[in-house]
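Single-structure report; data block below.
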Amino acid sequence: MKFLVCNTYEEASQEAAKIFEEQLRTKPSSVLGLATGSTPLGLYRELIRAYQLGGLDFSAVTTINLDEYYPIAPTHEQSYRYFMNENLFKHINVDPAKTFVPDGQAASPEDESVSYDERIKRLGGIDLQLLGIGENGHIGFNEPSDALRMDTHVEVLTESTRKANARFFQSIDEVPTHAITMGMAGIMTAKKILLLACGKNKHEVVKAMQDKTVTTQIPATLLKCHPDMTLICDRAAFEGR
Ligand code: GLP
């Protein structure tokens, strides 16, 4: 694992953007695994800026997102589809038909999960997977558990995750109880992984990333086994203050 501690959130976002820029320079038709949450916003702003300055071209890119609440409409302001459209896609030259987010309105979320994995396979896997991290160590929506699922699946959200995400909704009752999330295999078979952890509430989890153990109770720790994984955090997450 490569580990980079940046002084500020802005610096962490810029370092993350450099990895994306390098990826697109090397392979303009990259399959980018994307994430939501507040952490990647700075990175997305950097990518938009680089695109506007003419240095970055997304025309050949395919994106595939980690997860989506279930059930939720794509027009709901807290849906991850809406988030991606608003915070990235509509500002760059990616082909909207080549941006994928699990369908939060699928009649059968189980069938949607199976086709999501088939899609990842058809795309030839993910070239660069971006990840944020939950306070409890979840990645995507793979919640701490004795056993983790490999495949894309429907996850019951933990109370702590619903509480952490309640800030985006009117009340905790509005936070969906379920999500469709890529599983550990979709994530771990990405050729390159970039994990971003910022803010002092991520301190415990950043600490857990630094020793030599892995545990399904902190799903992000499994990423330590990945041969090309970079963790970028800010000083607040590193020091916990
Ligand atoms: C959600 C997402 C995760 C994300 C996490 C952290 O639960 N499913 O992919 O990493 O939030 O979000 P934030 O970056 O806002 O702390």
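Read the numbers this way: they start at 1 and go in the same order the structure lists the ligands and their atoms.
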Worksheet item: In terms of heavy-atom contacts, does CZ of Arg241 have more than 12 from other residues, nucleotides or ligands at under 6.0 Å?
Response: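 It does not: Arg241 CZ has 12 such atoms or fewer within range.
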
The reported gap from CG in Leu56 to CG in Leu24 (rounded to nearest 0.5 angstrom) is 5.0 Å

Closest heavy-atom pair, Ser113 versus His153, reported as atoms and distance to 0.1 Å, is OG-CA, 3.6 Å

Hits for ring-ring contact (aromatic ring centres under 6.0 Å, His included) against Phe169, two or more places apart or cross-chain, chain-then-number order -> Tyr69, His76

Name each N or O atom in ligand 1 that is under 3.5 Å from a protein N or O, and give the partner atom and the distance.
residue	atom	partner	partner atom	Å
ligand 1	7 (O)	His138	NE2	2.9
ligand 1	7 (O)	Asn165	ND2	3.3
ligand 1	8 (N)	Asp67	OD2	2.8
ligand 1	8 (N)	Gly140	O	3.2
ligand 1	10 (O)	Ile133	N	3.0
ligand 1	14 (O)	Ser38	N	3.3
ligand 1	14 (O)	Thr39	N	3.0
ligand 1	14 (O)	Thr39	OG1	2.4
ligand 1	15 (O)	Ser38	N	2.7
ligand 1	15 (O)	Ser38	OG	2.6
ligand 1	15 (O)	Arg167	NH2	3.0
ligand 1	16 (O)	Lys202	NZ	2.6

The complete set of salt bridge (Lys or Arg N to Asp or Glu O under 4.0 Å) pairs with one or both residues in residues 95-111, sequence neighbours excluded, reads none

Contact list for residues 164-176, test salt bridge (Lys or Arg N to Asp or Glu O under 4.0 Å), sequence neighbours left out: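 Counting only pairs at least two positions apart or across chains, no salt bridge (Lys or Arg N to Asp or Glu O under 4.0 Å) contact touches residues 164-176.
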
